[in-house]
Every structure is written in structure tokens, then in C-alpha cells.
Amino acid sequence: MGSKMMARATIFLYVLSLVAASRAKGVSVGGQGEIDVKQIGAKADGRSDDSQIIVSAWQKACTSPSPSTVVISKGSYMAGPMNFQGPCKAGVNVRVEGAIKAPSDINKLKSQGAWVMFQNVDGLTLSGGGSFDGQGALAWKENDCAQTGKCNSLPTNLQFTSVTNSHIQDITSLNSKLFHVELLNCKNVTLQHVTINAPEDSLNTDGIHVGRSTGVNITGADIRTGDDCVSLGDGSQQVNVEGVTCGPGHGISVGSLGKYHDEQPVVGVTVRNCTLTNTPNGIRVKTWPASPSGVATNMHFEDITVKNVSTPILIDQNYCPYNNCEQKLPSKVKISNVSFRNFQGTSATALAVKLLCSRGAPCQQVELADINLKYDGENGTATSQCANVKPTITGKSSLPICAGSQS
Ligand SMILES: *[C@@H]1O[C@H](CO)[C@@H](O)[C@H](O)[C@H]1NC(C)=O
Ligand SMILES: *[C@@H]1O[C@H](CO)[C@@H](O)[C@H](O)[C@H]1NC(C)=O
Ligand SMILES: *[C@@H]1O[C@H](CO)[C@@H](O)[C@H](O)[C@H]1NC(C)=O
Ligand SMILES: *[C@@H]1O[C@H](CO)[C@@H](O)[C@H](O)[C@H]1NC(C)=O
Ligand SMILES: *[C@@H]1O[C@H](CO)[C@@H](O)[C@H](O)[C@H]1NC(C)=O
Ligand SMILES: *[C@@H]1O[C@H](CO)[C@@H](O)[C@H](O)[C@H]1NC(C)=O
């Protein structure tokens, strides 16, 4: 390029940037593409419903041609259902510094499946240290899941559907009416330092549920809740779970699988360096009896510490929580290439390891290494129970694993 052309190009770019800047001004309030919801009318008094203002801030950010930020600054907000819908023109950051509360009345959240939804967004960042409080206490009382077997009538706190290349960091979810955080059909999403808190007796309040998603990393989460801390449903692929503390809660689970006909395989799960305290299960793989064929493979669990966990290692292919299954037919979900390495701590029952695979699809390539679990109860040392599995045992373990005849 000649110097004249260069100068022209520079002027042209300068004019272009002025135009872009003035457009951005029309779109956003404040500098650098930041929209503070309080500056556009959010009351933040903890009573008035700020949901429409917050969603309108999202819509402005989402239509901005350059990355922009919605700021929910410090304060207490009340908000009804919110749908943060994409696709957006550029990446969007949502910085939640405040505490957002849902209405406790379920009827005020009936309009959509989750309280806060992000849909079809590429390049989302959700961060800021703030919280989403589902105020679920009333809803838990009305949860009739155990009677009906249908558990989808209550809203999840935070649901991400078809969200890609995104980062969720330093966010707290409290007292959800149902699942706390749900990822469906997502790709390349990291959840870092997510905190989840609900009482031990809150029904079906799973911490983080992943389904039909590829490339999900969950690191450094602190989860106390009434159901599974992390559950990986069908179609979970390349999912890493690291540095999660769980308890109270029901442990970290793959499944349940095999309840429905159109389920996708689970392939590539790593759970590492997690601590579970006072939970009924540690690491659990669960599939329903009488299931259609399915696949769960390449699953590796290592460096797990358990404290007073009833069953630290559990494969349960006869999972039937509400006792209304055809127990006589076996599960046909094929479990293979599974390892449990370096587990240590205390088991609250003598049966510390249960590998109950299906006679309809015996487990294959199961490996256990360095399993050091202590049971201090009246009935002696920790032991194991096995069915339809011939695991490879290596390293130093404190208990006999699948030593006797199988049950
Ligand atoms: C995954 O998402 C992150 C943003 O969280 C992005 O920086 C990275 O490039 C994405 N990776 C791929 C392979 O697209
Ligand atoms: C998730 O973690 C794995 C292993 O630590 C890493 O290889 C991968 O790049 C990470 N993916 C994302 C989306 O951060
Ligand atoms: C293991 O997880 C804990 C959080 O429970 C974290 O503090 C620690 O740094 C992690 N260690 C490694 C080696 O990743
Ligand atoms: C062990 O866990 C059980 C629940 O499984 C709980 O009732 C008991 O208090 C716990 N024990 C300790 C010492 O925390
Ligand atoms: C078992 O799983 C690991 C990790 O996903 C994978 O690298 C390996 O190829 C798998 N082995 C077989 C035999 O499929
Ligand atoms: C010990 O074994 C007996 C007989 O099997 C059983 O009734 C009792 O509940 C067991 N105790 C514990 C703490 O597991």
C-alpha cells in the first residue's frame, strides 16, 4: 500500500469507528458498552418486579454489533421469569453483582420451564459474584414427584439451552424450586466457582445437571443441596468435573439413563479431585431397569475423597427411586471403559463398593485401583457387592472387591 492510500484507509477507519461509537451510544448506556439495569429503571428494592427491565437490557446488549455487558449492580432485586434469548450479534457479558430473587409463588413462574433461561447464545459470559435465589421452600412442600413420577412441573433456577463457547463464573444459585443449573444442548461451556446452596431435605434440587452437551468443564464448585450435586444425563460427552465439594447432597452421578427411548450415549466423563461429605452416594452410575438399549462409556473417576458416605462407589443398573418400574426386565444400557482410581476416606455403611451391573448388558472394562475406604461401624470392615462385572483390580486397596461369588 502507498502512503497516500494508507492515510486514506486510516481516515476511513477513523470515521467508521466514530460511526460505530455513536451507534453504540444509542444502544447502550454508560461507557464501553455497559448497561447498568439501575440506570435504565430497575428499582432494586427487593419487591418490584425488575424482570422486564433486565430483559430489555439484555435485548439491547444482544443486538449490539460489538461485545457488551449487562450489569446487575449490587442490590436486591425481585424478578419474575426471564428469557435471555439469542442469537446475539456479538458476545454478551452479564455481570450479576446483586442478589436476584424469584417469586416464591409457583404460579408466577408458569410461563416458561425455568426461572432464568439463556437460549441460543454464543459467547456468553455470566459472572460477577451475585446470586439467584429461587425461594423454593413453598414449592418443595408441593412437590409430588414421588407420587406421580413426573418431576418437571417446577422451574429450574438457571437453564442454558443451546449455549456455546461460554463461561459461567462466580455465580451462586440458592434454594431452587427444582434443579439449580441445567445445561442442555450446549457446547464448550466452562462453569467455574459456582456455588449452590439448598437444604438437605429439598426435593429434586440437583446442583448442576448436564444433558446432550459436549465439552463442559465444571471446576471448583461448592454444592450443598437435596439431590445429586452434579448429574450427567444422556448425551453428556467430554464432560470434566474437577474440584467439586458436595454435601449435603446425593453425590455425583452419571444418569439416570434408560428411562426414555430416544436417549443419546454418554461418552467421555472425567471426575477428578472431588470431596463428598455425608452423602448417600459418592460416585454413582445409575440406569433404569427395563430400559431400551443405551451406551455409557469412557468414564473415569479419580482422586476422590469421601467423608461418611454411605456408598462411595456405586453402579446401579436397577435404579428405580419411586418403585414403579418393571424390575424383572434388565437394563440394556451398556456400561464400559470405567475406572475408579484413588478413592479414600470413610464409608458410613459396610457395603462401600457396589457394582451392580445388568444381566441384560454386563459391564465391561471396569477398573478399580487404590480404593482405600474405611468403615468404622459395628459390623466390621468395608466390603463390596458385585453383579455381572469382572473388574480389573490394581494398586493397594483396603477392602476385597468382587472377591467372592457374585450376587
Ligand atoms: C471455547 O469457549 C471459550 C470461551 O469460553 C473460547 O475462548 C474458546 O475459543 C472456545 N473453544 C473452541 C474450541 O471453540
Ligand atoms: C476442560 O478441561 C480439560 C482438561 O482439564 C481441557 O483439556 C479442556 O480444554 C477444557 N475445556 C474447556 C472448554 O475449558
Ligand atoms: C482440588 O480441589 C480443591 C477444591 O475442593 C482445590 O482447592 C484444590 O486446589 C484442588 N487440587 C488440585 C490438585 O487440583
Ligand atoms: C453421617 O451421615 C449420616 C447421613 O448419612 C448422618 O446422619 C450422620 O450424622 C453423619 N455422621 C457424622 C459424624 O457426620
Ligand atoms: C477408555 O476411555 C479413555 C478416556 O476417554 C480413552 O482414551 C480410551 O481410548 C478408552 N478405551 C477404549 C478401549 O475405548
Ligand atoms: C449390622 O448387621 C446387622 C445384621 O446384618 C444389621 O441388622 C445392622 O443394621 C448392621 N449395623 C450397621 C450399623 O450396619
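Start at 1 with the first residue, then count along the sequence. All values below were derived from every heavy atom in this structure, side-chain atoms included, with hydrogens, water molecules and symmetry-related copies excluded. We count ligands from 1, going down the list as the structure has it; atoms in each ligand are counted the same way.
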Stepwise side-chain contact (heavy atoms from CB on, under 4.5 Å) test for F160 and N185:
CA-CA 8 Å; F160 301 85; N185 201 28; over 6 Å; no
Ligand-residue contact atoms, ligand 1 with N188, heavy atoms, under 4.0 Å:
1 (C), 2 (O), 3 (C), 8 (C), 10 (C), 11 (N), 12 (C), 14 (O)
Between D228 and K286, is there a side-chain N and carboxylate O pair less than 4.0 Å apart?
yes
Where does the angle between the aromatic ring planes of F118 and W58 fall among parallel (under 30°), tilted (30 to 60°) and perpendicular (over 60°)?
perpendicular
Can you tell whether the side chains of D234 and R212 come within less than 4.0 Å, N to carboxylate O?
yes
Heavy-atom nearest neighbour in the protein, as seen from atom 13 (C) of ligand 5, with distance rounded to 0.1 Å:
Q365 NE2, 3.3 Å
Salt bridge check, E367 against R341: does any charged N sit closer than 4.0 Å to a carboxylate O?
yes
Interatomic spacing from CZ in F301 to CZ in R272 - rounded to 0.5 Å
12.0 Å
Ligand 1 to S166, heavy atom cutoff 4.0 Å, flagged ligand atoms 5 (O)
When you measure from atom 1 (C) of ligand 4 to each heavy atom in N278, T349, T279, N308, which option holds the nearest one?
N308
Is atom 7 (O) of ligand 4 less than 4.0 angstrom from some protein heavy atom?
no
Under 3.5 Å: N/O of H300 near N/O of ligand 5
yes
Residue and atom name of the nearest protein heavy atom (relative to atom 12 (C) of ligand 5), distance in Å to one decimal:
N337 ND2, 3.4 Å
Closest non-hydrogen protein atom to atom 5 (O) of ligand 4, residue and atom name please, with distance?
S310 OG, 4.1 Å
